[in-house]
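Note on naming: letters A, B, ... go to the chains in the order of the sequence lines (proteins, then strands), and numbering restarts at 1 for each one.
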Amino acid sequence: MKLKLLYSDLKSDIEIIEKELETALNSSSHFLNDASLHLLKAGGKRIRPVFVLLAAKFGQYDIELIKKVAVSLELIHMASLVHDDVIDDSEMRRGRPTVKSQWNNRVAMYTGDFIFARALQYITDIDNPKAHQILSETMVEICIGEVIQIEDKMQLDQNMRDYFRRIKRKTALLIASSCHLGAVVAGADERVAIQLKRFGYFVGMSFQIIDDILDLTSTDKQLGKPAGSDLLQGNITLPVLLVKDDPAIRPLIEKALAGTMTEDERQEFLGKIRTSEAIKKAKKISDTYLQKALREVEALPQNSIKKSLRDIALYMGKRKF
Amino acid sequence: MNATIIDNKIQELQNNILMQLHHRTLLKYTGQPIVENETLFYLLLPFLNGEIWTSEQDEVSTTIGIIYTALHAHDQIDEVDATSKNQQLTVLAGDFYSGMYYQLLSKIPNIALIRSLSDGIIDISEQKTAIYEPTSRPITDWLHALTVIESKSIEQFMKHYHLDQYIPLVQQGLLLNRLAYELRILQETHMKTRIVAAIEKSEQFTSTKRSAERILEELVSELSSTFTRSISTSPFLQDEVKTLIVNRMPRIACEHQTTREG
């Protein structure tokens, strides 16, 4: 099932957000317009806006107000992708050339800064200091997470705590904040807002672990880049941490980190890790987070949105690609 | 207010900015966040001229300085190759500093100012990107672009606190500093930055075939005269502040001024 079918109830509101994103990315600069249009065309799952809207249903739902939060969060996500592509020297994203490859790194930096400022323009329509404190703290934490990720790159002697700390900041925080902000801005009960925030955090952790597994188990074609790219770029993910002490695999990991891995060795590494226990163990850990997310949903007040939250969590935690 | 007191105030602001942005890894790989003393001087100009200056303005001026560090960090990214650890972390440093300015203003809280500064950053990003567009533009467009890039954040700050009368001075002073900087770089390295190359291509210069250096010299000279006039005729600047501004004008500009008027 496609993710969009799971939130078909929100279809008209998601369309409003798509239109608003288009307006938000409009600029007097031709380059910024082209770069932004380029990003919009690349699409995306719009997971963060969906969580904002669903969480807001636990309070006074007003699409005209809540769309400001949803658009802002999606813009922050987009801006970070444009800058990440510079950091990772990525040529392609979602099957399209990245802003940095189509223009240059500097244009990508200014595009990201422009989108980030637009995000703040949108969110400042919300006159709620708490909402701004939540979002700004999240943004700072995400940056610190990315700094740590660069520090941890190529470091095979890291532990699982390092990994969880990293993915929390890399992915889980923004999803947690999407849920939290949706609830806070809609004036939901404080206890409910915290439950939703925790739900978002657990879903985000589960989602990122699955993402890291898929980088190793999917085909190059499905990924649009070589399978195992995370490791080739020096990022140590959970499955790799779980097999790093296996004498049959460790030399291959070291070669990948040293940048000396041949294509045959990449295939050998993928074959070995796919049949190892690491993938199963990583899935189990992802599943534990998913179960925690579902428990948070159970504890929420009864309403029709609970089913959507449950279905989306299950989709994100069980997806095959 | 004498020069020492002013330097101390600028230093205090500089220290506050560095304190807010302290991050062990970023410091190790990217060095201290950079914001020019001259930028801070113009940011503090109303205070130095004896305007009422609240503790909130003091706090907010730190966040304005932080915006300059954030934007400056992203100006340091190589157009072609940003794969070194230093470059990767410089990208993140800029993002981290942006997050910090937002966080500090959220804590005050001053949401209206966040809005107004975001408007300014949008304008700045648009002008910076315009430099990469292949279109030839008149010189006035490029001078406007540089004015926005150099002074927009301070302008938004001054508008917010009803200090509008200082804006033309800030714009002229910071534009003059930037042009003098571009001229110095050109003279020392014989390399044209993107903006100098764009200015050189302006229609009015292609017909006269003047060198980039000559064009910049003329611009600096012209702006120096205008700025000096603005300072001397200002009805609200205290005499000692007028002297301070003139003394802080880039030497290169003063030399041209002397040549032109002397």
Side-chain angles (χ1 to χ4, degrees), chain A residues 27-35 76 79-80 83-89 100 103-151 153, chain B residues 23-26 28-29 70-71 73-83 85 87-135 194:
Chain A
S27 164
S28 63
S29 151
H30 299 305
F31 266 30
L32 285 177
N33 254 341
D34 288 352
I76 288 169
S80 74
H83 285 177
D84 283 353
D85 288 336
V86 173
I87 293 170
D88 299 336
D89 199 24
K100 71 134 247 163
W103 289 276
N104 65 42
N105 286 334
R106 205 71 78 70
V107 171
M109 296 320 301
Y110 303 147
T111 305
D113 290 345
F114 163 79
I115 299 173
F116 171 67
R118 272 276 195 257
L120 294 196
Q121 235 184 8
Y122 263 79
I123 198 85
T124 45
D125 280 342
I126 307 288
D127 190 20
N128 178 339
K130 189 179 174 189
H132 293 284
Q133 282 153 19
I134 293 168
L135 185 58
S136 62
E137 195 185 322
T138 304
M139 286 169 56
V140 169
E141 285 296 311
I142 289 172
C143 284
I144 293 173
E146 290 212 54
V147 171
I148 293 170
Q149 176 158 321
I150 289 180
E151 264 189 307
K153 258 188 180 179
Chain B
H23 186 283
R24 186 181 50 83
T25 307
L26 293 178
K28 182 177 166 191
Y29 290 99
L71 300 176
H74 287 169
D75 288 336
Q76 306 313 304
I77 299 306
D78 188 273
E79 285 177 22
V80 183
D81 182 8
T83 52
K85 203 167 185 173
Q87 284 275 292
Q88 290 176 325
L89 286 168
T90 304
V91 173
L92 294 176
D95 291 345
F96 173 69
Y97 303 156
S98 291
M100 286 302 293
Y101 106 76
Y102 178 34
Q103 192 174 40
L104 288 172
L105 289 178
S106 305
K107 279 181 185 165
I108 289 177
N110 193 332
I111 297 166
L113 189 57
I114 298 170
R115 169 70 176 228
S116 151
L117 291 169
S118 303
D119 293 346
I121 295 170
I122 286 169
D123 207 355
I124 292 169
S125 306
E126 286 176 335
Q127 298 299 343
K128 282 184 176 175
T129 315
I131 296 169
Y132 289 84
E133 288 170 4
T135 342
R194 286 260 184 190

Can a donor-acceptor pair be found, under 3.5 Å and without considering hydrogens, that links the side chain of [X] to the backbone of [Y]?
X      : Y      : result
B:Q88  : A:I150 : no
B:S106 : B:Y102 : yes
B:Q76  : B:T90  : no
B:H74  : A:D113 : no
A:R106 : B:D78  : no

Mind ranking [options] by heavy-atom pairs under 4.5 Å with chain B and telling me who comes out on top?
options                       : answer
A:I126, A:I144, A:D84, A:T111 : A:I144
A:K153, A:M139, A:E146        : A:E146
A:L32, A:D89, A:T138          : A:L32
A:R118, A:E137, A:K130        : A:R118
A:I142, A:I148, A:L120        : A:L120
A:A79, A:A117, A:A131         : A:A117

Among [options], which residue forms the greatest number of heavy-atom pairs with chain A at distances under 4.5 Å?
options                      : answer
B:Q103, B:H23, B:Q87         : B:Q103
B:A82, B:A112, B:S125        : B:S125
B:I108, B:L26, B:I121, B:D95 : B:D95

Of the backbone (N, CA, C, O) and the side chain (C-beta and beyond), which part of [X] lies under 4.5 Å from a heavy atom of chain A, both, or neither?
X      : result
B:V80  : backbone
B:Y101 : side chain
B:L117 : neither
B:D75  : both
B:N110 : neither
B:K85  : side chain

Gap between atom [atom2] of [Y] and atom [atom1] of [X] - 0.5 Å precision:
X      : Y      : atom1 : atom2 : answer
B:I111 : A:H132 : CD1   : NE2   : 4.0 Å
B:D123 : A:S27  : CG    : OG    : 9.5 Å
A:I115 : B:I122 : CD1   : CD1   : 10.5 Å
B:M100 : B:L104 : CE    : CG    : 5.0 Å

Which bit of A:V107 comes within less than 4.5 Å of chain B, counting heavy atoms only: side chain, backbone, both or neither? side chain

Between the side chains of B:T25 and A:E151, is a donor N or O closer than 3.5 angstrom to an acceptor N or O? yes

